Amino acid sequence: MSTGSLHDRLQRLRRLDQLESSILGQPSAEPSLKARLERLVEVATHRERRMAPAALALEELVQGMRVENERGEFFLTETDVHLEVRHGDVPLSRFRTLDPGTVGILTAEPALARFDLSQAVFLDTETTGLAGGAGTAAFLVGLGFVEGERFRVRQYFMRDYHEEPALLHALAEDLGRFRQLVTFNGKMFDLPLLDARYRLNRVRFPLAEVPHFDLLHPARRLWRARLESCRLQALEVELLGLLRVGDLPGEQIPQVYFDYVRRRDARALARVFEHNRQDIVSLAALAVLACQWVEEGRAEDPRDVYSLARVLERARLYERSDAEYRRALALDPGPLRGAALMRLAARARRTGEHAIAAALWEEAAESGELLALRELAVHHEHRRREPGAALEAVDRALRWLEGAGSEVPRARRFATDFAKRRSRLIGKLQRGAPSTSPRRAGTPRAPA
DNA sequence: TCCGACAAGGTAGAAGTGAT
DNA sequence: ATCACTTCTACCTTGTCGGA
C-alpha cells in the first residue's frame, strides 16, 4: 500500500466523520465502515422522504367534480368572471354591443357574415403533444361562453386515457348548444385533433358544420406589422397589457400530464388548468379587441393603421380603407409609406381617377418605390400619350437602379423591364409625337 | 390583320408561422 | 412533425386598344 493511498483513505474517513456530524449530530463510534455507511444512507433517505411533500390529489387543488355518464367518468371544473371585469383593457360585456357583421369583415369569409360572439363557444385544448395523428390526445378541453352576466369557463379533464370516451361524450352534448365557434389556430390544431379523437371513438364530430372564427389569421393581419410575434401570449402582453406570473410554458404541458398519469401528483397539473383558463379568457378578450379595431378604428400606431386599412380593403370596404391609408400616411408609417401610397394609387386607377393615381405614384417614387416609376411610365406612355414624360420616369428608375445596385430585390428583372421600355420609348420619340388624343380608361373585364 | 401592351383577375410555388 | 393560412412573386388568361 503506498503512502498516497493511505493518505486518501484518511481523507475519506475524515469526510465520513463530517457527514455523520452533519446528519447524525456526532461521529459514530461504530468500528465497521460498512455499518457506518448503511446507517448514514438510512437516516438520509428517511429524512428526504419526510421533507418531500406528499403528492397532492387533483381534487385538493382544483375545485371540480367527478362526472359519470354512460361512457364512464371524467373530471369537470367550472369558473367564471363577471362580464364587466376587464381583461386587460377589454370588458367582455362588449360582446353584446358588437356588430354581427364585424367578424365577416375581419375574416372576409361570407360564411361568417353574421357572427355573434355573445352566442359563440370559445375553445382551447391541452394535448399530449404537437404531433397530431392518432397518438395525440386532448386530455383537457376548455370551453368559454357567456351565461347571463358572466363569462363561464368549463374544463373537461380525463384523469387517465380510459376516461376519454366519457369526456368526449359529455363534451359533444355541451357543444351541441352552440352554433358558432372561436379558437386560436384551431383550424390547424384543436379541430383536426378533436376530429381524430371522435373518429377513433366512433362518434360523430360535433363541430364539423359549425361556423368557425379562427382568430390567428385576422390577428396576424391586424397586428403583424408592429408585433414581432402573433402567438396568443405575445398578443396578451402587447395588446391587453397582461403578464402571466408562474405560467407553464406550452412545451412542458405534455410531460406534466404524463407525470400526473403515472404519479397522481396534481401540483403541476393545477397550473395546466390555469394556463388553459387564461388562454380562453384572453382569446375572448382578443376577439372583442379585434372587432373593436374594425368598428372603432382603434389603431393608433401608423403600422397598425396601415394593417387595418388592408383588412378593410380585403373586405372590399374601399371608402374606409382609403381613409385609413391616408390616416396612416398622416401619422408617418415609416417604411410602410411607399406601400400605403401604392395601395391608394391602385384604388384610384381602378376607379378611373388617373390624375390622382399619378400624383400618388409620384409621391411613392419619392419614397423609394421603384414600381411607382414603372406605373408612372405606363401612365405617361399609354394614358397621357406623353412618351417624353414616360422616358423621364424610366430614366429615373434606371439611374436609381444603378445607384442602389444589387441591394434592390429583383434588380436585374427591373433593369431588363425598364431597358426594354426605354428603347421602345426612344423609337416612338424618333418617329414623332403621338397622333391621337389620350386614351380613355379601358373597359375593365367583368370580374369572374 | 397582326402584334405588343395593358387591365384585372386567376393560379401556383416558396417561405414563414402558430398550436401542445 | 403537421398543415391552413399568409405574403410575395412569377406566370397565365381574357379582352381591349392602337400602331405598324
Side-chain angles (χ1 to χ4, degrees), chain A residues 106-109 123-142 183-196 212 214-225 227-235 247-258 272 275-276 279-280 282-283 307 310-311 314 339 342-343 346-352 354 357 371 374-375 377-383 385 387 390 409-410 412-414 416-417 420-421 423-425 427-428 431-448:
Chain A
L106 276 168
T107 56
E109 275 182 51
L123 180 143
D124 182 50
T125 61
E126 309 305 325
T127 71
T128 57
L130 212 49
T136 305
F139 66 83
L140 179 66
V141 182
T183 64
F184 195 82
N185 200 24
K187 273 189 184 161
M188 203 28 249
F189 189 71
D190 306 78
L191 257 65
L193 194 120
L194 282 177
D195 181 74
H212 179 185
D214 186 339
L215 185 64
L216 168 66
H217 307 292
R220 279 198 188 137
R221 284 193 288 269
L222 277 178
W223 298 308
R224 188 84 180 109
L227 304 182
E228 211 164 271
S229 161
C230 279
R231 301 166 72 117
L232 184 69
Q233 283 179 50
L235 301 179
D247 185 52
L248 198 66
E251 64 268 21
Q252 288 180 21
I253 288 171
Q255 193 56 52
V256 167
Y257 183 66
F258 297 141
V272 178
H275 172 96
N276 178 258
D279 275 0
I280 289 168
S282 287
L283 170 62
S307 302
R310 291 213 60 177
V311 167
R314 214 175 102 96
M342 292 299 282
R343 293 265 163 196
R347 279 302 314 155
R349 181 179 60 193
R350 267 171 225 160
T351 52
H354 295 286
L371 270 173
R374 184 184 178 274
E375 298 295 348
V378 169
H379 172 78
H380 288 307
E381 182 184 353
H382 298 282
R383 192 77 51 190
R385 313 260 161 207
R410 293 136 63 217
R412 278 180 68 92
R413 179 170 289 275
F414 275 128
T416 315
D417 180 88
K420 213 168 101 184
R421 208 171 283 280
S423 60
R424 189 178 64 238
L425 285 165
K428 271 192 186 179
R431 284 188 300 272
S435 51
T436 51
S437 57
R439 183 177 173 177
R440 283 185 309 108
T443 332
R445 203 160 60 89

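Each chain gets a letter, A, B and so on, in the order the sequences are listed, and its residues count up from 1. Here the structure is a predicted model, which means the values were calculated and not measured.
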All side chain to side chain donor-acceptor pair (under 3.5 Å) counterparts of Thr416(A), not counting sequence neighbours | none
Residue list, ring pair (Phe, Tyr, Trp, His ring centres under 6.0 Å) with Phe189(A), at least two apart or on another chain | none
If you look only at pairs with a residue in residues 186-196 of chain A, which of them pass as a salt bridge (Lys or Arg N to Asp or Glu O under 4.0 Å), with sequence neighbours excluded?
-> Glu109(A)-Lys187(A), Asp195(A)-Arg199(A)
Would you say the side chain of Glu126(A) lies within less than 4.5 Å of the side chain of Val141(A), judging by non-hydrogen atoms?
-> no
Set of residues satisfying side chain to side chain donor-acceptor pair (under 3.5 Å) with respect to Thr183(A), sequence neighbours excluded = His212(A)
Considering only heavy side-chain atoms of Arg221(A), the closest of dT6(C), dA5(B), dG9(B) is dT6(C)
Distance, rounded to the nearest Å, where Asp417(A) contributes CG and dT9(C) contributes C1' | 14 Å
When you check the phosphate oxygens OP1 and OP2 of dC6(B), does a side-chain N or O of Arg383(A) lie under 4.0 Å from one of them?
-> no
Could you give the CG-to-C1' distance, from Leu425(A) to dG18(C), as a whole number of Å?
-> 15 Å
With the criterion being N/O to N/O and under 3.5 Å, what pairs connect the protein with nucleotides 16-20 of chain B, and how long is each?
from	atom 1	to	atom 2	distance (Å)
dT17(B)	O3'	Arg220(A)	NH2	3.3
dT17(B)	O2	Arg220(A)	NH1	3.4
dT17(B)	O2	Arg220(A)	NH2	3.0
dG18(B)	OP1	Cys230(A)	N	3.0
dG18(B)	O4'	Arg220(A)	NH2	3.2
dA19(B)	OP1	Leu232(A)	N	2.8
dA19(B)	OP2	Arg231(A)	NE	3.2
dA19(B)	O4'	Asn185(A)	ND2	3.1
dA19(B)	N3	Asn185(A)	ND2	3.4
dT20(B)	OP1	Asp279(A)	OD2	3.3
dT20(B)	O3'	Glu126(A)	OE1	2.9
dT20(B)	O3'	Thr127(A)	N	3.4
dT20(B)	O2	Leu130(A)	N	2.8

Taken to the nearest 0.5 Å, the spacing of Tyr257(A) OH from Thr128(A) OG1 works out to 8.5 Å
Rounded distance (Å) that lies between atom P of dT6(C) and atom CH2 of Trp223(A) = 15 Å
Can you find a side chain N or O atom of Arg424(A) that sits less than 4.0 Å from OP1 or OP2 on dG4(B)?
-> no
Reading DNA chain C 5' to 3', how would its secondary structure be written in dot-bracket notation, given Watson-Crick and G-U pairs with both distances under 3.5 Å, brackets [ ] for crossing pairs and | for partners on other strands?
-> .|||||||||||||||||||
For atom NZ of Lys420(A) and atom C1' of dC6(B), their distance in whole Å = 12 Å
To the nearest angstrom, how far is Arg374(A) atom CZ from dA10(C) atom C1'?
-> 13 Å
Those residues that, when tested against Arg424(A), pass salt bridge (charged side-chain N to carboxylate O under 4.0 Å, His left out) (two or more places apart) = Glu381(A)
Non-neighbouring partners of Leu232(A) that pass side chain to side chain contact (heavy atoms under 4.5 Å, CB included), sequence neighbours left out = Phe184(A), Asp279(A), Leu286(A)
Contact under 4.0 Å: Arg314(A) side-chain N or O vs dC5(C) OP1/OP2 | no
Separation of dC3(C) atom C1' from His212(A) atom NE2, nearest Å, is 14 Å
Expressed in angstrom and rounded to an integer, what is the separation of Leu215(A) atom CG from dC5(C) atom P?
-> 14 Å
Report the distance from atom CG of Leu193(A) to atom C1' of dA4(C), rounded to the nearest whole Å.
-> 15 Å
Partner set under side chain to side chain contact (heavy atoms under 4.5 Å, CB included) for Ser229(A), not counting sequence neighbours = Arg231(A), Ala234(A)
Can you tell me if the side-chain N/O atoms of Lys187(A) get under 4.0 Å from OP1 or OP2 in dC5(C)?
-> yes
